[in-house]
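Notes to accompany the following structure.
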Amino acid sequence: MAIREAISQLISMIEASTPPSDIDHGFVCVQNADGMSPDIYERSGNIRYFDIDQADQLLPMDDADAGLSGRKRGFRTVRVRYDIPHDMGLLQNIVSEDSAHLIDVLKGPDYIPALTQITTVIPRAPSIEILYDQEGAVLAWLVKIPIEILFKN
């Protein structure tokens, strides 16, 4: 249950945050492990739909730096979808601002492991995956922020 609680906490933190620009369109989790949500690749027509995906199929491992504490290290990727607006410069600015904002949100305040199971979150460098429609036209950008989650088991 620890990793589930940690991911749930991160989803809540992201959804509660206010984007630095275009504050009328907040972050909305579209795949929250409820077993009924469509994949983020199938969700079009909006910006800031996100999920927290299993990173490169890596499963949690023992955090050897923690000694006998029982802390684990999990690997996930926060993925945020941005459908292409008509103004590419606007998209680039929104993506840059949101990426910096999400890194700060994910680093978070002092986590309370007894409540969140999280000791700390380490964001890595964001990247962009370009999504294409069936004709090969650019459909959306998917911003990916790899994270390491240190959590109590």
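Both backbone and side-chain heavy atoms feed into the values below; hydrogens, waters and symmetry mates do not. As the structure is a prediction and not an experimental result, all values here were calculated from the model.
Partners of Ser99 by side chain to side chain contact (heavy atoms under 4.5 Å, CB included), not counting sequence neighbours, listed by chain and number: Val95, Pro126, Val143. Not counting sequence neighbours, the partners of Glu97 by the side-chain hydrogen bond (donor to acceptor under 3.5 Å, both in side chains) test are Ser21. Remark: Glu15 engages no residue in a salt bridge (charged side-chain N to carboxylate O under 4.0 Å, His left out) (not counting sequence neighbours). For Pro19, the side chain to side chain contact (heavy atoms under 4.5 Å, CB included) criterion is met by Phe27, Arg48, Asp98, not counting sequence neighbours. Every residue two or more places apart in sequence or in another chain that forms a side chain to side chain contact (heavy atoms under 4.5 Å, CB included) with Val138 is listed here: Ile84, Ile130, Tyr132, Trp141. In this structure Ser17 satisfies the side-chain hydrogen bond (donor to acceptor under 3.5 Å, both in side chains) test together with His101, sequence neighbours excluded.
Note that the CD1 atom of Ile52 and the CZ atom of Arg76 stand 8.0 Å from one another [nearest 0.5 Å]. With rounding to the nearest 0.5 angstrom, the CG atom of Asp83 is 10.5 Å from the CG atom of Leu142. The CG atom of Asp24 sits 10.0 Å away from atom CD1 of Ile47, with the distance rounded to the nearest 0.5 Å. Between the CD1 atom of Ile149 and the CD1 atom of Ile122 there is a distance of 10.5 Å, given to the nearest 0.5 Å. With rounding to the nearest 0.5 Å, the separation of CG in Leu91 from OG in Ser96 is 9.0 Å.
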Problem set entry | Worked verdict on Ile14 versus Val80 for side chain to side chain contact (heavy atoms under 4.5 Å, CB included) | CA-CA 11 Å; Ile14 292 169; Val80 186; over 6 Å; no
